[in-house]
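On a predicted model such as this, the values are computed, not experimentally measured, just so you know. We name chains A, B, ... by the order of the sequence lines, and we start the count at 1 in each one.
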Number of protein chains: 2
Amino acid sequence: MEPLTQRQQQVLELITEHIERHGFPPSHRELMLSLGVRSQLAILKHLRALERKGHLVCQPGSSRGITLANRPPRPAMLPIVGSVRAGSPAEALEDTLGYCAADPAWTRGADCFYLRVSGDSMIEAGIQDGDLALVRCQSTAENGEIVVAMIDGQATLKRYYREEGRIRLQPANAALQPIIMEGHQMAGFSIAGRLLKIIRDYR
Amino acid sequence: MEPLTQRQQQVLELITEHIERHGFPPSHRELMLSLGVRSQLAILKHLRALERKGHLVCQPGSSRGITLANRPPRPAMLPIVGSVRAGSPAEALEDTLGYCAADPAWTRGADCFYLRVSGDSMIEAGIQDGDLALVRCQSTAENGEIVVAMIDGQATLKRYYREEGRIRLQPANAALQPIIMEGHQMAGFSIAGRLLKIIRDYR
DNA sequence: GTGTCAGGTATTTATTTGAATACCTATCAT
DNA sequence: ATGATAGGTATTCAAATAAATACCTGACAC
């Protein structure tokens, strides 16, 4: 992107700051005063330059019609669910315990949610009781991926392996046996999502 | 907070949506059209009602002067630092590798940063090589807390114990010995911050 | 019945605002 | 020297806009 002059940078910051503080962009005259300038044309030129360089878009004929461009995608607040019932989609989430921020780079626009982990079945994968798991909603998975598996309405975090004619859900805990499902047992089974992140509190 | 009528809820949603899409609030006339209404006074009354009920603030005499209230604190994007040099404050952070979202409930307004963990010295505390550590900037700590310790300009993540006349930095790894500092060794030592969260990627 | 309130129409007015014109002053590369 | 560019002053004008006035409708409580 074309570089900004010091003055243009200053104007852009003034606009950003005004939006931060008031929730709407400044008018040309307000920018005049903020900038300590006595001409509206000076402002207009700056806006045109900033628009030409791609930092904002001016809505013609609209008061305060300044739309900032290149705004980094802001983090979403995703629900922390206590239980994951039924199918996979978002409406199946029950008992929202609260909300937690998720970096846009984590979700990449995909449908995700947080799950509070209970139990030590994945302890050897570094997942502890009480951890917060960021889960991407999806109904399939690759072998070896950690998934939120739904078995008869119960959610559990396990490693997923599809083998000949059966599915193996492998805990990461030497004290526990894998869950094997074959034949009619597969009916009550589905994948709610795949584990993306683990967030742990040390406070 | 006083409840909204259906119509008022609709107006509030229209305003929020307009701000989302354009970066600035709608004018009275634009709201008129969106709402399918032929009177500006109807809009004015709705705005007054929403203002009275505390959902927004209207800047008198200012076009599009609508400031939404009750905006939830948005997640900040904190820098991921590769090395933590010198003192403790933010300007001492070097080599910004990128940025990552932080929930406002994590930082609670405190000065924080992310640190990419290297090494397995804290493996038994569930902290692995490559994990992302959310660190709260502070220069003191309680016994047993996990801190980012600065030793002669090198950053390291250890459990902190202040004992008689010395400081012990305890790894969580049976294969490693604690770092003991006493006397003149204390000169090159400081605490950069305290561990708040660990974030791990499972992608 | 009567008052209150949410919601509405139609119209007018004063102000805010974007946009334009004409012209000026530096800096800088050619 | 000369043109291009960033930045500026002073002034004007028309459109966008907030705000006000007078009045209407229906639901609902008392």
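The distance between atom CG of Leu31(B) and atom P of dG7(C), rounded to the nearest whole Å, is 14 Å. Residue Leu33(A) contributes atom CG, which lies 15 Å from atom C1' of dT9(D) at whole-angstrom precision. Taking atom CZ of Arg48(B) as the reference point, atom C1' of dA18(D) lies 9 Å away to the nearest angstrom. Atom P of nucleotide dT15(C) and atom NE2 of His28(B) are separated by 17 Å, given to the nearest angstrom. As rounded to whole Å, 12 Å separates atom C1' of dA20(C) from atom NZ of Lys45(A). Rounded to whole angstrom, the span from the CD atom of Gln40(A) across to the P atom of dC13(D) amounts to 14 Å. A straight line from CG of Leu47(B) to C1' of dA19(D) spans 12 Å, rounded to a whole angstrom. Rounded to whole Å, atom P of dC5(C) lies 17 Å from atom CG of Leu4(B).
Proximity of His46(B) to the phosphate of dA6(C): no side-chain N or O atom is located under 4.0 Å from OP1 or OP2. Ser63(A) has no side-chain polar atom (N or O) that falls below the 4.0 Å cut-off from OP1 or OP2 of dA16(D). At the phosphate of dG7(C), neither OP1 nor OP2 sits under 4.0 Å from any side-chain N or O atom of Arg38(B). One finds a side-chain N or O of Arg52(B) lying less than 4.0 angstrom from the OP1 or OP2 phosphate oxygen of dA6(C). Side-chain N/O atoms of Arg64(B) include none lying less than 4.0 angstrom from OP1 or OP2 on dT16(C). Taking only side-chain nitrogens and oxygens, Ser62(B) comes nearer than 4.0 Å to OP1 or OP2 of dT17(C). The shortest distance between the side-chain N/O atoms of Ser27(A) and the OP1/OP2 oxygens of dT17(C) is below 4.0 Å. Contact annotation: Arg7(B) side-chain N/O to dG26(D) OP1/OP2 distance is not under 4.0 Å.
Heavy atoms of Arg29(A) sit under 4.0 angstrom from at least one base atom. Residue Thr5(A) is in sugar-phosphate contact alone, with no base atom involved, counting any heavy-atom pair closer than 4.0 Å across all strands shown.
Taking a cutoff of 4.0 Å between a charged side-chain nitrogen and a carboxylate oxygen, Arg136(A) and Asp111(A) do not qualify as a salt bridge. With respect to the salt-bridge test (charged N to carboxylate O, under 4.0 angstrom), the residues Glu142(A) and Arg194(A) do not qualify. Ion pairing between Glu20(A) and Arg74(B) holds under the 4.0 Å rule for side-chain N and carboxylate O.
Listed nucleotides dG8(C), dT17(C), dT17(D) differ in distance to Glu30(A); the shortest reach to its side chain belongs to dT17(C). Proximity note for Leu41(B) (side chain, C-beta onward) versus dA20(C), dT11(C), dA22(D): the nearest is dA22(D). Closest contact between the side chain of Leu44(A) and the listed nucleotides dA10(C), dA19(C), dG8(D) involves dA19(C).
For the pair Ala49(B) and Gln59(A), nearest-nucleotide mapping onto DNA chain C gives the more 5' position to Ala49(B).
For dA6(D), its base never sits under 3.5 Å from the side chain of Gln8(A) at any donor and acceptor pair.
Put simply, the residue from Glu13(A), Lys53(A), Lys45(A), His55(A) that forms a side-chain hydrogen bond (donor to acceptor under 3.5 Å, both in side chains) with Gln8(A) is Lys53(A).
Using cut-offs of 30° and 60° on the angle between ring planes, the pair Phe24(A) and His18(A) is perpendicular.
By the neighbour-count criterion of 12 heavy atoms within 6.0 Å, atom CD of Glu163(B) is densely surrounded, having more than that number from other residues, nucleotides or ligands.
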